[in-house]
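Here is how names work: the chains are called A, B, and so on, in the same order as the sequence lines, proteins then strands, and each is numbered from 1.
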Amino acid sequence: MQSLFIYNTLTRKKEEFKAINPPFAGLYVCGPTVYSDVHLGNCRTFISFDLIYRYLLHLGYKVRYVRNITDAGHLEGDRDEGDDKFAKKAKLEQLEPMEIVQKYTVGFRDIMREFNTLPPSIEPTATGHICEQIEMVKEIIKNGLAYEINGNVYFDVEKYSKGFNYGQLTNRKLEELLEGTRELGGQDEKRGRLDFALWIKAKSETIMRWPSPWGWGFPGWHIECSAMSRKYLGDTFDIHGGGMDLQATHHTNEIAQSQACYHKTPVNYWMHTNMLTVNGVRMSKSAGNGFLPGELFTGNHPLLEKGYAPMAVRFFMLQTHYRSTLDFSNEALQASEKGFERLMEAYKTLQSLKASANSSENIAAIQSKCYEAMNDDFNTSILIAHLFDAVRIINSANDGKLNLTQADIDLLKILYNDFVFDVLGLKAESGNERLDTALQKVMDLMLEIRSKAKTGKDFKLSDEIRDKLIAAGIQIKDTKEGTTWKV
RNA sequence: GGUCCUGUGGCCGAGUGGCUAGGCUCAGCUCUGCAAAAGCUGCUACAGCGGUUCGAAUCCGCUCGGGACCUCCA
């Protein structure tokens, strides 16, 4: 197996990936909170981890990829007060909380399918794992690192810090963290400023509630991931991922919960993907600058000049390394769309390439460079640069400007299958098959008419056909072998 | 306020102490009835000021700008 290097947030270094129990690998990614539509920023994270999942699979790992659905436990507003997000949304839309969950879970999966992400091995829900969460909370209390007050259970961060490094994931000391925290409110019942809720007491109007040793209530946000990752991947597993915004709070607390519960570090490699920005500012629900994937596909948004196909958007995202911020703009999308089309056109060209007896190119070198790029912390920017080398070679060979043997052509096909389709997860946009066939026949007819016009030097007619086809979104090109077209 | 990240050509984006990705755009050329496509060529950049070095966009310091986290967020 190739040696793969992964940037580990825990150590702030690239480290060689050593699976605990190869060829198996465990991957846990914090999934969406399904109380509203996922925006494009959310999608970026899941596309990034889809790439990581795909590459691990490609390298031969048997990956168990767990991505949770948060369908309870998230609180609206500040601190551990306020309504459950689902309950609030449910009131707003006059639906049951579980209707909200269903609606946005289905929407999320649809979008993920559009982006051609592979479904995770397991998609556990928070509400489906209340027992496991309660058990963990009980254990943490037993170990003296959590306490109950009035039906709420809190994690005792300062006490935990005596034995463990609470801020290790963000490289921060407890004192620094305490300084950055707000003053405790007068009514706050927590002992320490940094303490966070493991279990929250239900109010009289709370709909989503479960019985617990501390009375009716619901779990805190962080405990679900600890409980579910442990259940499906074990006490310590290989990779845990999520957006960078989860690093300081959510993931920091996950480590603390696991350590406090069973005294093991839960994760060997922490991976964090960077944010999608709009005009340099992070896209987020609260900032109101979110794009919905649907708006992007249709172009129905004030900042967009046109719609973009899901695969063009996926390609756009993969052109940037996952740990860099990616700025969203019309121009950048258009550039990516064209690049993506060129990449896919070359694949079509490749299918009809004629082999020469000798070769002037070293395709194997490109292939090994592709692996090098991916093995260096999933560097898709560089991978794509190498793939465009292949594109240039394919097009030049098609122009007869250089020679490829059949072995070269076969290797190029492998390169496309491995990296463009399997690893990057790109695919040609395919429409309705019956329509495609019908369109093909119509186009054959049109081009025949135009060809006759050209033979008869009736360029006025031939140009008129071409211009009107372009207006209809169909581009044609005349070559020595005949005329081809594409939508 | 604290902690941290970042500033690359017209745009988007990689990057290693020396060999200066890639995509898009623009201009020219080849091909072509004209286009389109493709190929080739050109536009050759690293915020500013100092320092280390034979040599720095890459290391160090300062200045300026942008951002993230510290509060729900992928």
Between [N] and [M], how many Å separate the two [atom1] atoms, rounded to a whole number?
N	M	atom1	result
B/C59	B/A68	C1'	25 Å
B/G51	B/G65	C1'	22 Å
B/A38	B/G50	C1'	49 Å
B/G13	B/A21	C1'	10 Å
B/C26	B/C43	C1'	8 Å
B/G9	B/U44	P	13 Å
B/U30	B/A35	P	11 Å
B/U20	B/G15	C1'	10 Å

Do the side-chain N or O atoms of [X] get closer than 4.0 angstrom to the phosphate oxygens (OP1, OP2) of [N]?
X	N	result
A/Arg392	B/A38	no
A/Lys338	B/G23	no
A/Thr33	B/A74	yes
A/Ser329	B/C12	no

Stacked cation flag A/Arg67 on A/Phe46, 6.0 angstrom / 45 deg: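 Relative to the ring axis of A/Phe46, which defines the angle, A/Arg67 lies inside both limits.
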Which part of the nucleic acid, if any, lies within reach of [X] when heavy atoms closer than 4.0 Å are counted: base, sugar-phosphate only, or nothing?
X	value
A/Ser396	sugar-phosphate
A/His321	sugar-phosphate
A/Ser48	nothing
A/Ala385	base
A/Phe388	sugar-phosphate
A/Leu276	base
A/Met283	base
A/Asn379	sugar-phosphate
A/Val281	sugar-phosphate
A/Asn395	sugar-phosphate
A/Gly41	base

Test of ring centre spacing under 6.0 Å for A/Phe378 and A/Phe49: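 No; A/Phe49 has its ring centre 6.0 Å or more from that of A/Phe378.
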Aromatic centroids of A/His321 and A/Tyr7 separated by under 6.0 Å: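 Ring-ring flag for A/Tyr7/A/His321: false, centres at least 6.0 Å apart.
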A/Arg466 (side chain) and B/A35 (base): donor-acceptor pair under 3.5 Å: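 Result: at least one qualifying N/O pair found.
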N/O donor-acceptor pair, side chain A/Asp463 with base B/G33, under 3.5 angstrom: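 Result: at least one qualifying N/O pair found.
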Rounded distance in Å - CG (A/Asp399) to P (B/U32):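 Rounding to the nearest Å, CG of A/Asp399 and P of B/U32 are 12 Å apart.
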Whole-Å distance separating the CZ atom of A/Phe316 from the P atom of B/G23: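 So the CZ-P distance, A/Phe316 to B/G23, works out to 17 Å.
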Provide the Watson-Crick or G-U wobble partner of [N], both distances under 3.5 Å; none if there is no partner.
N	value
B/C43	none
B/G61	B/C49
B/C4	B/G67
B/U32	none

Between A/Asp71 and A/Tyr104: side-chain donor-acceptor atoms closer than 3.5 Å: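 No - no donor-acceptor pair under 3.5 Å links their side chains.
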Exceeds 12 heavy-atom contacts within 6.0 angstrom, atom NZ of A/Lys457: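 No, NZ of A/Lys457 has 12 or fewer neighbouring heavy atoms, counting only those of other groups under 6.0 Å.
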Validation row: A/Asn68, A/Tyr28 side chains within 4.5 angstrom (heavy atoms):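 A/Asn68 reaches A/Tyr28 side chain to side chain.
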Given B/A74, B/G39, B/G22, the nucleotide with the shortest approach to the side chain of A/Asn42: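 Closest nucleotide among those given: B/A74.
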Shortest non-hydrogen contact from A/Thr45 toward A/Gly242: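 What the structure gives for the nearest pair is CG2-C, 4.2 Å.
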Ring-base stacking, A/Phe46 with B/A74 (5.5 Å, 30° cut-offs):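 Not stacked by the 5.5 Å and 30° rule.
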